[in-house]
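Chain letters run A, B, ... following the sequence lines, proteins first, then strands; residues in each count from 1.
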Amino acid sequence: MNIEQQIKTAFAAVFEKHYKHHLSNEELILQQTRKEIEGDFTVNVFPFVRFAKQKPEMLAQTMGEELVKELKEVNSFNVIKGFLNLVLHNSFWLNNAKQALREESYGYKTVDTKTAPVVIEYSSPNTNKPLHLGHIRNNLLGYSIAEILKASGQNVKKVNLVNDRGIHICKSMLAWQQFGHGETPESTGEKGDHLVGKYYVQFDKEYKKEIKQLVEAGKEEKVAAKEAPIIKKAQQMLREWEAKEPQVYQLWKTMNEWVYKGFDITYKRLGVDFDKIYYESETYLLGKEIVIDGFKKGILYQKDDGSIWADLTGEGLDQKLLLRADGTSVYMTQDIGTAKLRIQDYNPSALLYVVGNEQNYHFDVLKIVLKKLGYNWAEKIHHISYGMVELPHGKMKSREGTVVDADDLIDDIVKNAAEITSKLGKIEGLSKEEADTLFNQIGLGALKFFILKVDPKKKMLFNPEESIDFNGNTGPFIQYTHARIQSVLRKSANYEFTEWNQELIINNKEKSLLKLIYNYSEIIANAAKLYSPAMVASYVYDLAKEYNQFYHDNQILKEEDRTKAAFRLDLSHITANIIQSAMLLLGIEVPNRM
RNA sequence: GGUCCAGUAGCUCAGUUGGAUAGAGCAGCAGCCUUCUAAGCUGCGGGUCACAGGUUCGAAUCCUGUCUGGAUCACCA
């Protein structure tokens with residue numbers, strides 16, 4: 001039982017003895033005492049005055065006196081208005097520090113790999129264009145959430161679903177066929193995903209041109225959009241693809257290979273990975289079968305043109321198309337198939353999807369359709385919905401060329417890290433290779449922290465200027481704190497120390513650090529519960545900030561009292577370890593020098 | 001129009017199930033390096049928590065309404 005629970009239990013027992021009323025664990029709220037006030041844990045007794053029939057101050061006073069007697073960890077207390085502030089013996093915090101020193105992965109729970117896994121899907125790229133800033137948020141969130149879940153003791157499987165088929169893929173294939181003159185990544189030196197993306201854009205251009213021509217010839221815009229020859233050709237190509245027509249299939253394979261090679265580079269730079277990759281081309285037929293089966297059972301219905309639909313009006317939603325009139329699949333169809341496949345593959349306890357909030361409706365529908373089809377496991381689906389990334393000028397729009405390309409962004413930020421780091425004279429004595437590694441760590445550290453520190457549920461503004469700031473609440477600030485500690489640790493070899501014990505007298509800064517150290521495992525648990533890397537980011541920033549203040553105010557190696565020196569060195573050691581481990585949960589590496 | 005989400009300092013964001021005087025960073029101003037890494041530390045200024053009601057001992061937090069912004073309601077994914 002942790003100390004919070006002990007206090008709550010003791011509080012309830014004492015309260016019942018005095019006032020003949022039982023307080024449930026839920027109504028008893030224990031919070032950490034705010035910094036300006038003396039104390040470690042605080043109970044607000046206001047909610048209980050009606051049971052005690054006593055003034056809040058009196059009640060708090062009585063409870064304080066009793067708790068000091070009852071619990072050996074509680075040293076003293078004070079009462080301010082209705083707030084009972086409990087002060088623990090310093091030995092409690094010091095003991096926890098000893099534990100943090102002993103435990104290899106302090107704060108983490110061990111994973112039982114025999115339990116049913118949590119399957120988390122993230123990334124889910126389309127193979128028709130390169131990754132952009134929006135994908136970066138997705139990838140960083142997915143990776144980090146998975147790592148946090150693992151640290152909280154869950155058995156996690158990371159999966160990726162590659163949207164490698166569909167009308168959008170045919171569009172870039174068609175454009176390449178018509179306008180590509182046989183270009184390849186090798187012949188142009190262009191990264192494969194960028195090359196394919198170029199043709200996707202070109203398709204859109206041509207399509208628009210044809211629509212415009214048809215409208216000028218007197219067609220309505222809607223009709224024109226349907227009748228434009230190039231879109232007809234793309235649709236024809238999709239049918240040929242589903243029929244595995246050899247030429248189309250070969251082209252599709254070739255172009256997808258180009259894209260995968262490009263993606264691999266970007267994934268590697270971002271440091272994300274997967275346990276399994278699903279390809280929509282391998283799963284969509286399963287979805288198709290399920291839909292046809294559902295139609296035969298009368299759960300779904302068919303329109304005159306042959307298309308198959310789900311009627312969701314009973315659930316307050318609309319009609320939803322599941323198979324087109326020409327028999328080809330839509331996005332929903334394949335998601336039905338992959339969900340079922342994942343259940344078969346893993347028998348998971350939960351199916352998580354890291355997907356943007358623009359698809360909230362899609363996931364509502366997915367769950368309802370699956371339930372209608374009789375799959376009880378639909379309940380296990382949870383959409384981790386995150387907000388869009390916006391730029392200072394507004395939204396990213398591929399058509400207007402305001403998309404921030406993932407590769408370009410990483411290049412820029414690493415370049416910037418190199419400039420600043422060099423200017424600060426931090427690369428003296430480093431080899432070219434070591435320096436490059438450092439630039440990458442700092443640049444990506446800045447980028448990742450900048451994105452992950454924002455609450456995933458909220459939309460975020462990506463200001464390029466702020467993202468390359470390395471001061472204040474940033475990744476490099478935290479990395480720097482870690483490097484600083486490492487420097488102290490390296491030098492400690494030249495000093496003698498005397499082992500400290502629980503009797504040690506500590507100052508305020510030391511105590512603040514001890515408390516933050518104590519909080520780490522609960523932060524991980526909460527971040528896991530809320531799927532929020534931002535909570536970890538916020539915590540590790542607080543920790544680094546607190547350490548820097550401590551570092552500024554106290555001598556460590558040169559402290560005269562060698563017992564205190566030993567303690568401060570240990571505090572530094574623990575802090576560095578937590579910074580490293582917390583940053584790892586965010587997918588950020590911390591250098592030993594910078 | 002229906003549904004959903006958001007609105008906190010000049011800007012970007014914290015604020016864990018309702019609790020004490022609403023916090024950081026950036027930007028601005030003023031200080032601190034012969035001493036363990038100054039990518040650091042300290043101080044100053046900056047707020048009608050969109051607005052109006054309600055719930056109660058107590059509301060940035062919960063409820064209702066209004067305003068503003070966004071997402072979505074496709075034979076796109």
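- Where A:Lys453 and A:Lys509 each meet RNA chain B at their nearest nucleotide, the meeting point lying more 5' is that of A:Lys453.
- Backbone-only contact: A:Lys545 has heavy atoms under 4.0 Å from sugar-phosphate atoms and none from a base.
- A donor-acceptor pair shorter than 3.5 Å cannot be found between the side chains of A:Glu559 and A:Tyr495.
- A:Tyr551 comes within contact range of at least one nucleobase, with a heavy-atom separation under 4.0 Å.
- As judged by a 4.0 angstrom heavy-atom cut-off over every strand, A:Leu461 is placed among residues touching the sugar-phosphate backbone only.
- Here A:Asp335 lies out of heavy-atom contact (under 4.0 Å) with every strand.
- Base-pair partner of B:A6: B:U68 (Watson-Crick or G-U wobble, both distances under 3.5 Å).
- At a threshold of 4.0 angstrom between heavy atoms, the contacts of A:Met535 with the nucleic acid are absent.
- Side-chain atoms of A:Asn554 and A:Glu510 include no donor-acceptor pair closer than 3.5 Å.
- Inspection of the A:Gln236 and A:Glu240 side chains reveals an N or O donor paired with an N or O acceptor under 3.5 Å.
- Using a 4.0 Å heavy-atom distance criterion, A:Asn85 is classed as a base contact.
- Residue A:Ile579 contributes atom CD1, which lies 16 Å from atom P of B:A39 at whole-angstrom precision.
- In the model, A:Gln359 has a side-chain atom that pairs as donor or acceptor with a side-chain atom of A:Tyr331 under 3.5 Å.
- Residue contacts shown for A:Thr421 include a base, since a base heavy atom lies under 4.0 Å away.
- A:Asp326 comes within 4.0 angstrom of no nucleic acid atom, judged by non-hydrogen atoms across all strands.
- Between the P atom of B:G70 and the CG atom of A:Asn357 lies a distance of 14 Å, rounded to the nearest Å.
- Ring geometry, A:Tyr547 versus A:Tyr551: the interplanar angle falls from 30° to 60°, so the pair is classed tilted.
- One can place CD of A:Gln359 at 13 Å from C1' of B:A74, the figure rounded to the nearest angstrom.
- In this structure, A:Arg239 places its CZ atom where more than 12 heavy-atom neighbours from other residues, nucleotides or ligands lie under 6.0 Å away.
- In this structure, CD1 of A:Ile29 is placed 9 Å from P of B:U17, rounded to the nearest angstrom.
- Among the atoms of the strands shown, base atoms are found under 4.0 Å from some heavy atom of A:Ile442.
- Look at CZ on A:Phe450: it is 15 Å from C1' on B:A24, rounded to the nearest Å.
- The side chain of A:Lys81 places an N or O atom within less than 4.0 Å of a non-bridging phosphate oxygen (OP1 or OP2) of B:U21.
- Within 4.0 Å (heavy atoms only), A:Ile167 reaches sugar-phosphate atoms of the nucleic acid but no base atom.
- No engagement by A:Asn128 is indicated, since no non-hydrogen atom pair under 4.0 Å with the nucleic acid exists.
- Residue contacts for A:Arg50: at a heavy-atom cut-off of 4.0 Å it reaches no nucleic acid atom on any strand shown.
- Lacking a ring centre under 5.5 Å from that of the base six-membered ring together with a plane angle below 30°, A:Phe46 does not count as stacked on B:G58.
- For the pair A:Ile420 CD1 and B:A39 P, the interatomic distance rounds to 11 Å; values are reported in whole Å.
- A donor-acceptor pair under 3.5 Å is formed between the side chain of A:Lys8 and the backbone N or O of A:Leu28.
- Map A:Asp469 and A:His362 each onto its nearest nucleotide of RNA chain B; the residue landing nearer the 5' end is A:Asp469.
- Rounded to whole Å, atom P of B:A39 lies 21 Å from atom CD of A:Glu466.
- Base pairing of B:G46: no nucleotide in any strand meets the Watson-Crick or G-U wobble criterion (both distances under 3.5 Å).
- Within 4.0 Å (heavy atoms only), A:Phe477 reaches sugar-phosphate atoms of the nucleic acid but no base atom.
- Looking at heavy-atom distances under 4.0 Å, A:Thr474 makes no contact with the nucleic acid at all.
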